[in-house]
Amino acid sequence: MPSLAVNIDHIATLRQARLGKEPDPVTAAHLSELAGAQCIICHLREDRRHIQDRDVDLLRATVKTRLNLEMAATDEMQGICLRTRPDIICLVPEKREELTTEGGLDVASRVEELSNYLEPIHAQGIESSLFIDADPKQIEAAAKIGNQYIEIHTGHYADAETPAQAKAELEKILAGIRLAQDLGLKVNLGHGLNYVNILPFAKVPGINEYSIGHSIIARAAYVGITQAVREMNDIVRGFVD
Ligand code: PXP
């Protein structure tokens with residue numbers, strides 16, 4: 001059965017709007033776990049716009065499921081990863097001026113560099129994932145790097161403006177999932193997924209995990225985080241293995 005990983009960055013975004021202490025993403029992580037999330041994700045960005053170093057430390061000390069640290073492939077983040085030891089990291093591209101992660105990582109042009117970057121991380125038993133577009137060139141490159149997982153970027157599908165565009169993007173993702181599985185990679189999906197646009201994945205076999213943040217936190221503003229996570233978890237747990 002696929003699992004749900006909850007990204008709690010946007011709780012931190014709300015806290016940082018007043019540079020205060022509330023709401024605390026660490027509390028949101030604990031409530032998400034109690035509501036059924038099987039992994040907690042946070043993205044420590046270079047500009048610290050939402051998640052702070054203190055959050056990563058506290059999450060590492062208290063998350064009882066799995067902690068996934070999303071990060072750019074920089075020296076600073078490698079040091080933080082080796083010190084805090086999340087269960088898994090997800091390498092993402094990062095640009096200061098973007099609102100959120102805009103596209104997949106270009107792995108194809110950096111196979112050797114990323115393999116070297118991940119070596120000390122893997123040596124500590126920390127797993128890794130690469131956030132990439134559903135592009136065969138990127139998926140084939142990811143399979144050469146020696147990491148266990150990829151996360152296929154679903155943002156283009158989620159942002160499609162017409163049903164025809166959404167269908168075309170969905171087909172690219174489905175082909176990408178099949179290729180990755182043939183190459184022995186475990187496949188996660190994420191970005192822009194919500195309670196409705198996730199449904200076409202219900203019958204797709206072998207998806208390991210869904211990484212979801214914004215739609216859950218937005219719903220939590222109305223119904224509370226426990227209910228928002230539980231509802232998404234019920235959807236995901238109804239999907240085929
Ligand atoms: N996966 C990755 C790699 C991301 O960068 C993000 C956004 O932080 C997500 C998943 C979650 O996306 P969303 O907040 O749109 O659900």
Side-chain angles (χ1 to χ4, degrees), residues 5-13 25 39-53 55-56 59-60 66-82 84-111 113-122 126-135 137-139 141-159 173 176-177 180 185-193 207-217:
V6 175
N7 179 315
I8 39 103
D9 291 351
H10 291 298
I11 297 287
T13 302
C39 179
I40 299 298
I41 305 186
C42 67
H43 182 176
L44 186 67
R45 296 184 76 104
E46 183 200 8
D47 63 10
R48 307 299 197 267
R49 71 173 68 158
H50 40 53
I51 293 293
Q52 305 296 305
D53 297 68
D55 300 330
V56 179
L59 288 168
R60 174 60 299 175
R66 276 160 67 78
L67 179 64
N68 182 335
L69 177 64
E70 267 181 29
M71 53 183 239
T74 63
D75 290 348
E76 182 200 19
M77 289 300 151
Q78 190 188 52
I80 291 171
C81 168
L82 294 173
T84 56
R85 304 177 59 108
D87 298 285
I88 178 166
I89 60 160
C90 181
L91 291 184
V92 297
E94 197 174 296
K95 290 191 225 117
R96 267 187 180 253
E97 62 278 12
E98 69 194 352
L99 282 180
T100 180
T101 314
E102 280 168 359
L105 192 66
D106 179 11
V107 175
S109 64
R110 304 169 66 191
V111 170
E113 178 200 336
L114 291 174
S115 303
N116 293 339
Y117 183 86
L118 286 168
E119 207 176 277
I121 292 173
H122 291 162
I126 300 165
E127 294 187 308
S128 68
S129 175
L130 301 165
F131 181 59
I132 56 176
D133 288 327
D135 170 352
K137 191 171 70 162
Q138 299 297 340
I139 295 168
K144 293 185 190 141
I145 291 195
N147 56 294
Q148 303 84 346
Y149 300 87
I150 57 166
E151 180 178 326
I152 295 185
H153 180 217
T154 48
H156 303 306
Y157 158 70
D159 293 341
I173 294 169
I177 294 170
L185 291 162
K186 290 188 186 164
V187 181
N188 301 334
L189 298 183
H191 216 286
L193 293 175
I207 296 171
N208 179 63
E209 190 166 77
Y210 294 87
S211 163
I212 307 180
H214 190 268
S215 63
I216 292 177
I217 304 306

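Just so you know, these numbers use all the heavy atoms, side chains as well, and skip hydrogens, waters and symmetry mates. We number each residue from 1, following the sequence as shown.
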Does any part of the side chain of [Y], heavy atoms only, come nearer than 4.5 Å to the side chain of [X], both counted from C-beta?
{"X": "Gln78", "Y": "Ile121", "result": "yes"}
{"X": "Gln138", "Y": "Ile150", "result": "no"}
{"X": "Cys42", "Y": "Leu59", "result": "yes"}
{"X": "Leu105", "Y": "Leu114", "result": "yes"}
{"X": "Asp9", "Y": "Ile217", "result": "no"}
{"X": "Leu118", "Y": "Leu91", "result": "yes"}
{"X": "Val187", "Y": "Asn208", "result": "no"}
{"X": "His214", "Y": "His10", "result": "yes"}

Next item on the list: Show your reasoning for whether side-chain contact (heavy atoms from CB on, under 4.5 Å) applies to Met71 and Ile80.
Entry: CA-CA 10 Å; Met71 53 183 239; Ile80 291 171; over 6 Å; no
Would a distance-only check, ignoring hydrogens and angles, find a side-chain to backbone donor-acceptor pair under 3.5 Å from [X] to [Y]?
{"X": "Tyr117", "Y": "Thr74", "result": "yes"}
{"X": "Glu94", "Y": "Glu46", "result": "yes"}
{"X": "Arg45", "Y": "His50", "result": "no"}
{"X": "Glu70", "Y": "Leu44", "result": "no"}

Check: Should the pair Glu76-Arg48 be classified as a salt bridge under the 4.0 Å nitrogen-to-oxygen rule?
Finding: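 Here Glu76 pairs with Arg48 in a salt bridge, since their nearest N and O are under 4.0 Å apart.
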Check: Do NZ/NE/NH1/NH2 and the carboxylate oxygens of Glu127 and Arg66 come within less than 4.0 Å?
Finding: yes
Notebook entry, point to check: Rounded to the nearest 0.5 Å, what separation is found between the CG atom of Asn68 and the CD1 atom of Ile41?
Noted result: 4.5 Å
Checklist line | Check against side-chain contact (heavy atoms from CB on, under 4.5 Å), Ile177 and Leu189 | finding: CA-CA 9 Å; Ile177 294 170; Leu189 298 183; 4.2 Å; yes
Checklist line | Step-by-step side-chain contact (heavy atoms from CB on, under 4.5 Å) determination, His191 to Phe131 | finding: CA-CA 10 Å; His191 216 286; Phe131 181 59; 4.0 Å; yes
